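This report refers to the structure that appears directly beneath it.
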Amino acid sequence: MTLASKYDPQAVEDKWYQYWTDHRMFHSEPDSRPAYSIVIPPPNVTGVLHMGHMLNNTIQDVLVRRARMRGFNAVWVPGTDHASIATEAKVVNFLKEQGIDKKDLTREQFLEYAWQWKEKHGGIILKQLRKLGASCDWDRTKFTMDADLSEAVTDIFVDLYNKGKIYRGVRMVNWDPKALTAVSDEEVVYKELQSKLYYVRYAIEGEPGEYITIATTRPETILGDTAICMHPEDERYAKYKGKRAIVPLVNRSIPLIYDEYVEREFGTGALKITPAHDINDYNLGIKHHLETINIFNDNGTLSENAQFLVGMDRFEARKAIIPMLEEAGSLVKIEDYTNKVGFSERTNEVIEPKLSLQWFCKMDEMAKPALKAVMDNHIKFYPEKFKNTYSHWMENVKDWCISRQLWWGHRIPAYYLPNQEFVVAHNVDEALNIAKQKYPELNLTKDDLKQDEDVMDTWFSSWLWPLSVFDGIRKPDNPEIKYYYPTSALITAPDIIFFWVARMIMAGIEWRGDIPFKDVYFTGTVRDKLHRKMSKSLGNSPDPIMLMEKYGADGVRFGMLLSSPAGNDLLFDESLCEQGRNFNNKVWNAFRLVKGWTVDANLPQPPHTKVAVEWMRERINEVLTDMEEDFANYKLSEALMAIYKLVWDDFCSCFLEIVKPGFQQPVDGKTFSDITNIFETLVTIMHPFMPFITEELWHALRDRADGEALMLSQMPDVKPVNKSLLDDFAATRSIIEQVRHIRSEKNIAPKNALTLMVHDERPVNEELEAVIRKLANVDKIEHVAESTEVQGASFIESQTKYSVPLEGLVDAGEEIKKLQAELKYAEGFLQGVLKKLSNERFVANAPQNVVEMERKKQADAEEKIRLLKEQISKLQ
RNA sequence: GGGAGCAUAGCUCAGCUGGUUCAGAGCACCUGCCUUACAAGCAGGGGGUCACAAGUUCGAAUCUUGUUGUUCCCACCA
């Protein structure tokens, strides 16, 4: 059989994914095994895979595959989120391209288009996840607007309303004039902008020639001003107490008010108040009983109330009003100014504070147990530092604005009656019944009920996700929710800790009395190597699909994981994937080597092979032990690095080199079977990280029946580590390295065999010496008296002197120089140790074992110095 | 403005309750090698006053305080 010297992932990956899914190996049903469950953070239904998803989902897949291989009944529930604002914006744009305006459509027509769009473009991301190797239980795929999940959302709304935790109220909300909807505080991102500060003077009523100058970044809102506010102790303005001012252009008379809210140092110390268009002004408006004049339409254009520039966009109006103010003699000056402006996260439109009637969900009561669950480590955060962020938010939680003025989403189940009252119910029939009971005099029919036009915030369905995917809200006693809930771990990004993580915890406790997950692993942000966030607009984000085509899914998974300790940002660089690909190739070639051997069952197992097999098994055991701890702490990158070194350094560079038969020689049967077993163990350990290549090799190593798979195999058990074998072998490897070092230094070709003299006549381990012979290419190991003089190079390992005779190859002068340098270092080292030991307080206070250690150091150093001195004197 | 975190080799990071796991790993770099799987490779090698300054201690990368730099979160002063 000839195998290509380069591993080709393309040929392998699709085949095995097909095999796994054909045999429904990702599917899980409740049974007697312990459950391990993860629900995917549902990506936007219209989203495409980006690097953040790659990281997040690779981690989930590693955890799920590992759990599956450790005897758990593991399930990973996939699905998508309807993402109301983002999806509706996409559909609106799509329709616009078709020449259709949303305004011309009825709600039903629009939703029909939206569903069509979703069917056509939705779920691409789930297909892309298959390429990554994601072992999701696809039979369980959910969508937040599926009928059953939607029903659950309505149930929850009604339940909260009945509990008095949902109310309707007029509030200042963050208005997105592009999407024409309110958005929550969490959906507003503040950006620093270069803008201008305009100084405008307002005439004092009844005092000709007297003015108050204010400073504002939004001169167009002057048209909605209803007061000017100054600090009560500001002497500059004390004389105007009780007077009124005239708003420029509109000539409205407004009161002068005094409040400590105003910073005297900022601008002129006088602040114009527009209660309709600024949250702080609004609060001052309430306090001082001011009039509220809303000068904007919902789309951000000026309304009739503004009197001027009616119909003009707010940013156009800002420019247009300047010459008008100038002409009126009101503009004093303009300064450059940097300020922060809120943008809608979804549409990138500047947020307009707006007063409106919205639905709110009370948070304070639900927040309390949710906070406690995390602070008491009932739910564990990895890394722990996010507990701080979490508690800070939870302690200052504000009510949640849950209504959105959109069509795509879960419609608010409130029904308005002709008498301006409303009822909240699961459906229109129920609403009618309730309404009839409440208002029998109205003689209501279904046609009299008008359902609220708004939908709910997307997160109002996402916060139920761990419950609703197992139908735990509609049927709280069903076997699925009982078996899989609480889920084992949540893998997500820290930027949705409030949006999603906190609210899921509240929902879990509120409706099931139990936390939704035991562990939360926060991934870092994927950045480029210049530390910039990966984003579409910067164009610094590679296409994951292209990457997987180039390096293989296993290679990219390796690259993502190697550098992503929990919570740390991942500085992504293609070279990481390259390293992953190289590793895959290394494993592939190790397989090629072993596959190429012929086996002679009659041959005995050579001694160096026997010890190497024992050692390799022990090393694997050691790594498995370390990995237990790494996984317990979600240190996936460290676990992967341990495997990487185990396979590359120990298995390939050391083990295979020892057991490798001579050129075109057969290998003995025992060794071949040992190697096959070891190889099989290694691919098993690697499988959660690199599922494809390992499945391929697992099948190539032995004949397997159809339906067998590595992904369903069990991880090897962990046994206590035999430390002395590992230590002895490490010392042997050190001797080999030093012989090789001599070789490299003296330019002796690897094929020229050397003699190694051991200056120690005590009996030795024959097997380990055989290893030295093979790896250092030593044909003779001679045991001689310690004082035997050898012309050549030497070194000391574990208090024993070794030398390599090199007649004529050694420059005595050079050698002496080197030895003297070594001697000098050893003497310095000894000095340090002696100084410590002569310090009475050290000897008295330090623990016994530390003092012992220092004594041993002293003995070692003294022995080394003696040997070095002896050697130098012989060379002289 | 308030809070939290971080600062260790050129880069990315490990280093637990102070003491042989104490200065480490991977990558990058340098020097030899087409040595019977792999040049996507093999062998060998050089890199760090552990940000700075004080303090605690017999002993500090590790604990305390301050300084500087940096990242993130919250607030949103017009």
Side-chain angles (χ1 to χ4, degrees), chain A residues 3 5-7 185 188 190 197-198 214-218 221 229 261-263 265-268 270-274 278-281 337 339-342 383 385-390 392-393 396 494-495 497-498 525 529 531 551 555 562-565 567-571 573 575-576 578-597 629 633 635 637-638 640-642 644-645 648 652-653 656-657 660-665 737-738 740-745 747 749-751 777 836 839-847 849-851 853-854 856-857 860:
Chain A
L3 291 169
S5 69
K6 299 266 187 285
Y7 170 63
D185 291 346
V188 180
Y190 288 88
L197 195 55
Y198 302 89
I214 57 89
T216 180
T217 52
R218 300 197 59 190
T221 61
C229 186
Y261 164 77
V262 177
E263 290 284 335
E265 290 72 31
F266 188 88
T268 60
L271 171 65
K272 71 184 212 59
I273 307 295
T274 325
D278 184 282
I279 180 68
N280 300 300
D281 291 11
Y337 184 64
N339 66 339
K340 283 190 177 173
V341 178
K385 66 178 175 187
F386 287 111
K387 275 169 80 173
N388 292 330
T389 318
Y390 180 82
H392 188 258
W393 191 75
N396 300 287
D495 50 337
I497 188 166
F498 312 132
T525 310
K529 47 182 165 177
H531 295 243
Y551 300 104
L562 195 59
S563 61
S564 58
N568 272 23
D569 285 355
L570 183 150
L571 268 38
D573 185 343
S575 68
L576 292 167
E578 202 177 317
Q579 199 185 342
R581 180 202 60 184
N582 293 355
F583 183 46
N584 278 285
N585 200 48
K586 184 74 186 173
V587 178
W588 174 252
N589 275 292
F591 172 72
R592 278 178 69 216
L593 174 70
V594 175
K595 200 73 191 165
W597 292 335
E629 179 147 352
N633 295 301
K635 294 188 169 183
S637 58
E638 284 189 37
L640 180 56
M641 180 51 71
Y644 178 79
K645 285 193 275 193
W648 199 308
C652 293
S653 298
L656 286 179
E657 291 300 329
K660 193 178 191 173
F663 184 44
Q664 293 187 340
Q665 299 284 307
E737 266 167 36
Q738 296 187 74
R740 283 171 171 175
H741 177 63
I742 291 168
R743 213 182 253 291
S744 175
E745 226 173 23
N747 259 320
K751 56 186 161 225
N777 193 17
K836 244 187 194 178
N839 182 340
E840 277 171 38
R841 283 188 295 181
F842 170 74
V843 180
N845 293 324
N849 64 318
V850 175
V851 178
M853 209 57 89
E854 290 301 315
K856 186 174 182 302
K857 272 198 225 172
D860 280 355

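Just so we're on the same page: letters track the sequence lines, and every chain starts at 1. Here the structure is a predicted model, which is why all the values come from computation and not from measurement.
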### Message
Quick check: on RNA chain B, is the nucleotide nearest A:His531 upstream (toward 5') of the one nearest A:Lys751, or the reverse? Name the residue that is more 5'.
### Response
A:His531

### Message
Taking only the C1' atom of each, what is the distance from B:A25 to B:G5 in whole angstrom?
### Response
24 Å

### Query
How far, in whole Å, is B:C16 from B:U62 if one measures between their C1' atoms?
10 Å

#### Entry: Minimum side-chain heavy-atom gap A:Val594-A:Leu656 below 4.5 Å
yes

### Query
Taking the P atom of each, how far is B:A7 from B:C13, in whole Å?
10 Å

### Between B:G26 and B:U70 - C1' atom distance, rounded Å
24 Å

### Query
Checking all strands, does A:Glu629 fall into the base, sugar-phosphate, or nothing category for heavy-atom contacts under 4.0 angstrom?
nothing

### Query
Charged N to carboxylate O under 4.0 angstrom, A:Glu854 versus A:Lys857?
yes

### Task
Nearest whole angstrom, please: distance from the P of B:A14 to the CD of A:Glu638.
7 Å

### Task
Could you tell me whether the phosphate oxygens of B:C38, OP1 or OP2, come under 4.0 Å of any side-chain nitrogen or oxygen in A:Asn582?
no

### Query
Does A:Trp648 offer a backbone N or O that forms a donor-acceptor pair with the side chain of A:Ser653 under 3.5 Å?
yes

### Task
Nearest whole angstrom, please: distance from the C1' of B:C38 to the CZ of A:Phe583.
13 Å

### Task
Provide, to the nearest angstrom, the distance between the CG atom belonging to A:Asn388 and the C1' atom belonging to B:A4.
6 Å

### Task
Indicate yes or no: at least one non-hydrogen side-chain atom of A:Val850 is less than 4.5 angstrom from one of A:Phe842.
yes

### Query
Using the purine O4'-C1'-N9-C4 or pyrimidine O4'-C1'-N1-C2 torsion, is B:G47 syn (within 90° of 0) or anti?
syn

## Note on the structure
The dot-bracket string of RNA chain B, counting Watson-Crick and G-U wobble pairs with both distances under 3.5 Å, using [ ] for crossing pairs and | for pairs to another strand, is (((((((..((((.....[....)))).(((((.......))))).....(((((..]....))))))))))))....

### Query
What is the nucleic acid contact for A:Asn585, judged by heavy atoms within less than 4.0 Å: base, sugar-phosphate only, or nothing?
base

### Query
Is the shortest side-chain N/O distance from A:Lys635 to OP1 or OP2 of B:G15 below 4.0 Å?
yes

### Query
A:Asn777 has an atom CG; how far is it from atom C1' of B:C42, in whole Å?
14 Å

### Task
Could you tell me whether A:Glu737 contacts a base, only the sugar-phosphate backbone, or nothing, with contacts defined as non-hydrogen atoms closer than 4.0 Å?
sugar-phosphate

### Message
Taking the side chain as everything from C-beta on, heavy atoms only, tell me whether A:Phe591 gets closer than 4.5 Å to A:Val587.
### Response
no

### Task
Would you confirm whether A:Asn633, through its side chain, and A:Lys635, through its main-chain N or O, come within 3.5 Å as a donor-acceptor pair?
no

### Query
Between A:Asn585 and A:Arg581, is there a donor-acceptor pair closer than 3.5 Å when you use the side chain of the first and the backbone of the second?
no

### Query
Say you pick atom C1' in B:G47 and the same atom in B:A9; how far apart are they, in whole Å?
6 Å

### Query
Closest approach of A:Lys272 and A:Thr221, non-hydrogen atoms and distance?
NZ-OG1, 2.7 Å

### Query
Counting heavy atoms not belonging to A:Glu629, are there more than 12 under 6.0 Å from its CD?
no

#### Entry: P spacing across the pair B:U67 / B:G2, given as an integer number of angstrom
13 Å

### Query
Looking across every strand, which nucleic acid part, if any, lies under 4.0 Å from A:Cys229 by heavy atom: base, sugar-phosphate, or nothing?
nothing

### Message
Would you measure the distance from the P atom in B:C73 across to the matching atom in B:C30 and give it in whole Å?
### Response
39 Å

### Task
Establish, with yes or no, whether the OP1 or OP2 oxygen of B:A39 is under 4.0 angstrom from a side-chain nitrogen or oxygen of A:Lys586.
no

### A:Asn280 and A:Tyr261, any side-chain heavy atoms less than 4.5 Å apart
yes

### Message
What I'd like to find out is whether the side chain of A:Ile273 reaches to under 4.5 Å of the side chain of A:Cys229, using heavy atoms alone.
### Response
yes

### Message
Return a single string for nucleotides 68-78 of chain B, one symbol per nucleotide in 5' to 3' order, where B is base contact, S is sugar-phosphate-only contact and - is none, cutoff 4.0 angstrom on heavy atoms.
### Response
----SSSBBBB

### Query
Atom CG of A:Leu656 and atom C1' of B:G41: how far apart are they, to the nearest Å?
14 Å

### Task
With heavy atoms under 4.0 Å as the rule, sort A:Gly662 into base, sugar-phosphate or nothing.
base

### Task
Summarise how protein sits on nucleotides 17-33 of chain B as a single string, 5' to 3': B when a protein heavy atom is under 4.0 Å from the base, S for sugar-phosphate-only contact, - for no contact.
--BB----SSS------

### Task
Report yes if the side chains of A:Trp588 and A:Lys6 come closer than 4.5 Å at any heavy-atom pair, otherwise no.
no

### Query
What does A:Arg581 touch in the nucleic acid at a heavy-atom separation under 4.0 angstrom: a base, only the sugar-phosphate, or nothing?
base

#### Entry: Interatomic distance, A:Arg841 CZ vs B:U56 P [rounded to whole Å]
12 Å

### Query
Using the C1' atom in both, what is the distance from B:G19 to B:A37, to the nearest Å?
46 Å

### Query
How about A:Phe266 and A:Leu197: do any of their side-chain heavy atoms sit closer than 4.5 Å?
yes

### Message
Does any part of the side chain of A:Asp278, heavy atoms only, come nearer than 4.5 Å to the side chain of A:Arg218, both counted from C-beta?
### Response
no

## Note on the structure
Here the distance between atom P of B:U35 and atom NZ of A:Lys660, to the nearest Å, is 11 Å

### Message
Is B:U56 syn or anti, taking syn as a glycosidic angle within 90° of 0?
### Response
anti

#### Entry: Length of the CZ-P vector between A:Arg743 and B:U35, whole Å
15 Å

